[in-house]
Each structure stands twice: as C-alpha cells, then as structure tokens.
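Numbers here simply count residues along the sequence, with the first being 1. Below, each value reflects all heavy atoms present in this structure, side chains not excepted, and no hydrogens, waters or symmetry copies.
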Amino acid sequence: MLHVIRRASVTLALASALVAIAITPAQAASAPARVSGLVSSTQNWAAKTVLIKWKAMAGVTYTAKYSTSKSFTSATYRNTTGAAANLTGIQPGHTYYAVVRAVKGKSVGAYSTTMSFSLTPGYTGLFSSVAAKPASNGVTVTWGAAPYATDYRVVSSAGPNPNRRPDYWAPSTSAWFSAFDPVTKSRTITGSDANLTKTAYGNPIYAHVEARSTIKPSTHTRDSKQVVAWPTPVAPDKSALPVKFGSYNVECGGCEKSGTPKWPTRGPLVAQNVTAQKIDVLTALEASGDADNNSKTGWNEIYLDLDKRLANLTLTDTGTAPSKPNQGNRIYYNPAKYTLVGKGWLRGIHDYSQPAGSPDLNTPWAELQSKDATKTTFIVVAAHYGIPTTTNKNTRKNQLGQDSAELLKALAAVNTSKLPVILGGDFNDNRYPEGRTDGAQPTLIRGGFYDSSAALARHGTTRSTYNDSLPPVKQPGDPNGDGQRIDYILTQGFQGSDQFTNNYIPVGTNGKQMTTVPSDHNLIDASLHVPAKRVS
C-alpha cells in the first residue's frame, strides 16, 4: 500500500511541473509576425537623417538596425513604438542596409527583408537664411542650411564689391568646412590689418557664404546674399575727461561752386552749426580766403572771422601759417574748459598736390589742459592733405598714405611726453579704391590711431562726409550702410567713443534744419573720453 501511495505522489508532482512549464509567458505567447513593407521614406540632407517606414502591426513595438555592412557588423539600433524610424548619422556617398523586427513582450519576430538606402545628392539649393552681427574685433555670420551642400566657406572683406577692377576689396576666404551637424552654421570672422577690418579702422565687414556639393555635381557652388555688420567697438573709459570734438572743412572763401552762397552767407551758418552741436574742441580746415568777399575792404581771413562768430570757442593761433598750402587749417577750443599750454606747426608733411620741393602742408597742433581737477593734458592736430596731382588712383592713395607717415613722424617729434592725441581733418582719401591698404587712414591706424567712427553709436554715417554743397535730400545714401569718409576724427593713446555723428543735416542754434548748406563738407563730431595718461 505504501508503494502505491509513493507512485501516486511522484505522478502528481510530475503533472504539476508540466503544468508550470506550460504556462510560462515565453511559451504562452506566440512570436510576432515578420515585418513587411519596409521602404525609405524621406531624407534630411543637412541633418544626415533618413526616415524609413513599414507596414504597421497591432500590439507590438519595433527594433530597427542599420549599417554600411550587409552582415550588419557594427550596426546601430533604433527602438520605436510606431511603424517608422529616423535613422541618424547617415554619411553622404555611402550605401546603408536596414532591417526591422517586431517585439511583443519578451517575444521577438523575424527581421524583415533587407532594404538598402543612402542620402540622395542633388544640386546645391538656396540658403534658408544668412545674417551678421557684431563680435569682438570681428563679426559673427550665421546661416541656415543650403540643401544638398556638403561644404561651406565664408568670404569677407571691408567693402561690398569683391569683383570691381582695379579698385576692389581683396576678400578673405576661409577654408571649406563640413556642411553637416548642426544644420544652422556660425562662423566668427576676425578683423585684420590685411583687409582693414580690425575694429580700429571703423569699417564694416561684408560677408557671404558659399556652399558646394562634392558629390553632385562637384563643380557647382551656391552663394548666399551678402550681409554686413560692424565689429563691436571699444567701450571708452567713462571715468576719463569727456570731450565733444568736432572737425569741419568749412570750404575756403572763393572755393565755392558757381551758384552756391559765399562766406558772408555761409559763415554765420557754419558758426551756428558748430555751436548747436556744443563742440568743445574744433579742427577747422580750409578756413582761409577773404571773409567778406570784397577786395575793396581789405583782406580778412575766414579763420579770424569764424573766431569772432564762435562765442564759446577761441583760436589757438591767430597768426599767419608758415606756408601757403591750406593755411586755413586751424584749431579752436573752449577757454572756459581748457588752458592752451603749447602750440605749433608739424614739419615735414609734404604737399603732394604741388610739384616736388613745394612747401610743407600747414598742420597746426595745440596742447590743451583741462581746467577741472584732473588737469588732463592732450594734443590736438588739424590736418588737411592736398589731392596729389597724379591721375593714377593707386599712386594717389599711396602719396596720401605718405602724408600720414610723415605726420606720424612729425607728431612723435613734438609729443615727446607721449600725451593722448586727437587728430581731426580732411585727408582727401576715402575708402576707395578699396584694394589699396596703404592710404591715409590705414597708415595712421597702423601707427597707433583709432577711428572714432568705431563708436558705441553712429549717426548719419550712411552719407558721405563730402556733400558737394547738396541739400540733405539730394545727398545719396550708401545702399550698403556705410558712406564714404573723407573727413576723420582719430585718437591716439586711447580708444573708443560714445558716439560719432556725420551731421549731414545741418541745424542752427534754434535746433531747426538749415535751408542753406554751410559748406561742401559736413561737420563731423565725436563724444570722446580723454584719459589723464596715455593708454595703448
């Protein structure tokens, strides 16, 4: 009897074990069906992604794997709940293989049939966007993807036209770099002396982006539109002495164009224009000629007449200039704010508008000291270069650059104490022809000066500083946002300015616009902060 009971217990235990095995989930659930209908749907060239799709199945999730190998070595896996997967990191020029299988719980189905796909190249398309913004000593250019591009490069210069010959801006071109990851690109262009784009030159940086495809076709490139921005200007030292500085070519008496007013009409307007801007120190150019335009009444120099009209300013030098060329170059200052410490004329700056051996240009300098507690002392220079006689633009620019080199040498001989310097003047040298980098202003910048037009705020600078005696409505604005500069305010021994203004709309002391243009140049001014000691 005991033997029978033992046999029955073993039989019951075996039966229980078989039941337990029969209800295991892995055995209870059937494997999902094989995925079908696998296709390549869409691609994103710039993001290097390809979307694949397949026929949906109920109650399952999916695992996709893809590789450049048919045997799926080093495969990449994607799990998804829907019947699609976005495959990333797809490299152009390579064929990929993909399979998908369904997953239900712990049970997995068989992989689908293998599908091949690749990024399909096309002709490089239009850029979706491009923009430029200021950066430290440069500008940052950003852009959206150009469809099907494999590479980009950035082309930049200080002027808008890289193609005009012979007076063109020599562009700087970066090396080609990958168009992928991220889709939106950004590159900072650093300013340089070679193409006059350092902050100190006060020039904008024009840039465009080029895209190409090295796959289809390898020779095709696409250009973005051109964008422009100015490098971030140097912030002035607000604790230093504030000086409102102006420079004004007032047009010599007898130099007026036919049909335009003479000095008796223009003189009071010039004085009002200066007074309205509350100028502390002024460099006046071409302030020579007979003030009353009447030979019968005797000769009265314009700079003396202007001195009488400027109630808050006085001349640093009322005497005759050392030589004839541009003897009207003068310096005025506010005696309530400054003491005149010294004055003189810089020697050795040649007049290239005259034959060799002609007298030097008259270039006055003055040493001023503030009457406030700081006793800040600085030097002011008024410069006016003659237009060289040569008809060759490149030679002309080179000779104007020589004027600046001579000015630097003459100034160093006078400024032995290395005081801060403010230079105002008409250099007769604008930003064109652009291919030359040895002109008047660039030579001074390389000699340690800073163009105050690189200011925290710029006003009126879409117009040229030379107005040709035209009223404001007829002075053409530069479509590129930066008018030609002939008149300059430069600083040495300190950098930065609060604001720079090209007063192409002259106003009187009543604050209203003048109906008569006072001169064939505009008054320019800058709000400066002169340090007590020279800084680099």
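For the side chain to side chain donor-acceptor pair (under 3.5 Å) test, residues two or more places apart in sequence or in another chain that qualify with Y352 are Q402, E406. Every salt bridge (Lys or Arg N to Asp or Glu O under 4.0 Å) that D498 has, sequence neighbours left out, goes to K238. A search for side chain to side chain donor-acceptor pair (under 3.5 Å) contacts involving E286 returns N249, H384, not counting sequence neighbours.
For residues 439-474, every residue pair satisfying the ring pair (Phe, Tyr, Trp, His ring centres under 6.0 Å) rule, not counting sequence neighbours, is listed here: Y466-H521. Within the structure, ring pair (Phe, Tyr, Trp, His ring centres under 6.0 Å) pairs that include any residue of residues 76-111 comprise Y96-F117 (at least two apart or interchain).
V381 has its side chain out of reach of I422: every pair of non-hydrogen atoms, C-beta onward, lies at least 4.5 Å apart. Residues Y488 and S452 form no side-chain contact, since every pair of their non-hydrogen atoms from C-beta on lies 4.5 Å or further apart. Taking the side chain as every heavy atom from C-beta outward, F72 and V99 approach each other to under 4.5 Å.
Distance check, rounded to the nearest 0.5 Å: CG of D487 to CD1 of I524 gives 5.0 Å. Distance NZ/K409 to OG/S404: 15.0 Å, rounded to 0.5 Å.
Within a 6.0 Å sphere centred on NZ of K53, other residues, nucleotides and ligands contribute 12 heavy atoms or fewer. The environment of NZ in K474 is sparse: at most 12 heavy-atom neighbours from other residues, nucleotides or ligands sit within 6.0 Å.
Evaluated for a side chain to side chain contact (heavy atoms under 4.5 Å, CB included) with L444, the options D403, L490, L411 yield exactly one hit, L490. Exactly one residue among T88, T63, N86 makes a side-chain hydrogen bond (donor to acceptor under 3.5 Å, both in side chains) with R78. That residue is T88. With respect to S41, the side chain to side chain contact (heavy atoms under 4.5 Å, CB included) criterion is satisfied by exactly one of I52, L51, V50: L51.
Residue S239 comes nearest to D237 through the heavy atom pair OG-OD1, 2.6 Å, listed as atom of the first residue, atom of the second, then distance. Minimum heavy-atom separation, Q272 to G508: OE1-CA, 3.4 Å. Among all heavy-atom pairs drawn from A33 and A102, the shortest one is O-CB, 4.1 Å. The two residues M115 and V39 come nearest to each other via the heavy atoms SD-C, 3.3 Å. A pairwise comparison of heavy atoms in D429 and A440 identifies OD2-N, 2.7 Å as the closest pair.
Remark: the S69 side chain and the S67 side chain contain no N/O donor-acceptor pair separated by less than 3.5 Å. At a cut-off of 3.5 Å, with distance as the only test, a side-chain donor of S172 or N195 sits close to an acceptor on the other residue. Between S527 and S497, the side chains place no donor N or O within less than 3.5 Å of an acceptor N or O (distance only, hydrogens not considered). A donor and an acceptor atom, one from each side chain of S247 and T283, are located under 3.5 Å apart. Side chains of Y248 and N273: a donor on one and an acceptor on the other come within 3.5 Å.
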*Would you please test R485 and D451 for salt bridge (Lys or Arg N to Asp or Glu O under 4.0 Å) and show each step?*
CA-CA 11 Å; R485 299 195 297 278; D451 194 320; 3.7 Å; yes
_Verdict with supporting geometry, T61 and T81, side-chain hydrogen bond (donor to acceptor under 3.5 Å, both in side chains)_ = CA-CA 5 Å; T61 60; T81 58; over 6 Å; no
_Would R212 and D151 count as a salt bridge (Lys or Arg N to Asp or Glu O under 4.0 Å) here? Give the steps._
CA-CA 6 Å; R212 72 176 181 182; D151 299 275; 3.6 Å; yes
*Would you sort out whether D438 and K397 count as a salt bridge (Lys or Arg N to Asp or Glu O under 4.0 Å), showing the intermediate values?*
CA-CA 7 Å; D438 57 355; K397 201 169 188 72; over 6 Å; no
_Assess the residue pair D482 and R458 against the criterion (salt bridge (Lys or Arg N to Asp or Glu O under 4.0 Å)); give the C-alpha distance rounded to whole Å, side-chain angles, the decisive distance to 0.1 Å, and a yes or no._
CA-CA 10 Å; D482 189 50; R458 305 168 75 248; 3.0 Å; yes
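For R463 (side chain) and Q475 (main-chain N/O), a donor-acceptor pair under 3.5 Å exists by modelled atom type. Within the 3.5 Å criterion, the main-chain N or O of L241 finds no donor-acceptor partner in the side chain of T376.
The pair R222-E210 does not meet the salt-bridge criterion, since no charged nitrogen lies less than 4.0 angstrom from a carboxylate oxygen. With respect to the salt-bridge test (charged N to carboxylate O, under 4.0 angstrom), the residues K257 and D520 do not qualify.
The aromatic ring centres of Y148 and Y123 sit 6.0 Å or more apart.
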Pair up each side-chain donor or acceptor in residues 133-141 with any protein partner under 3.5 Å, not counting sequence neighbours, and list the distances.
residue	atom	partner	partner atom	Å
N137	OD1	T199	N	3.2
N137	OD1	T199	OG1	3.4
T140	OG1	T188	OG1	2.9

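Geometrically, R187 engages F177 in a cation-pi contact, judged by NZ or CZ lying under 6.0 Å from the ring centre and within 45° of the ring axis.
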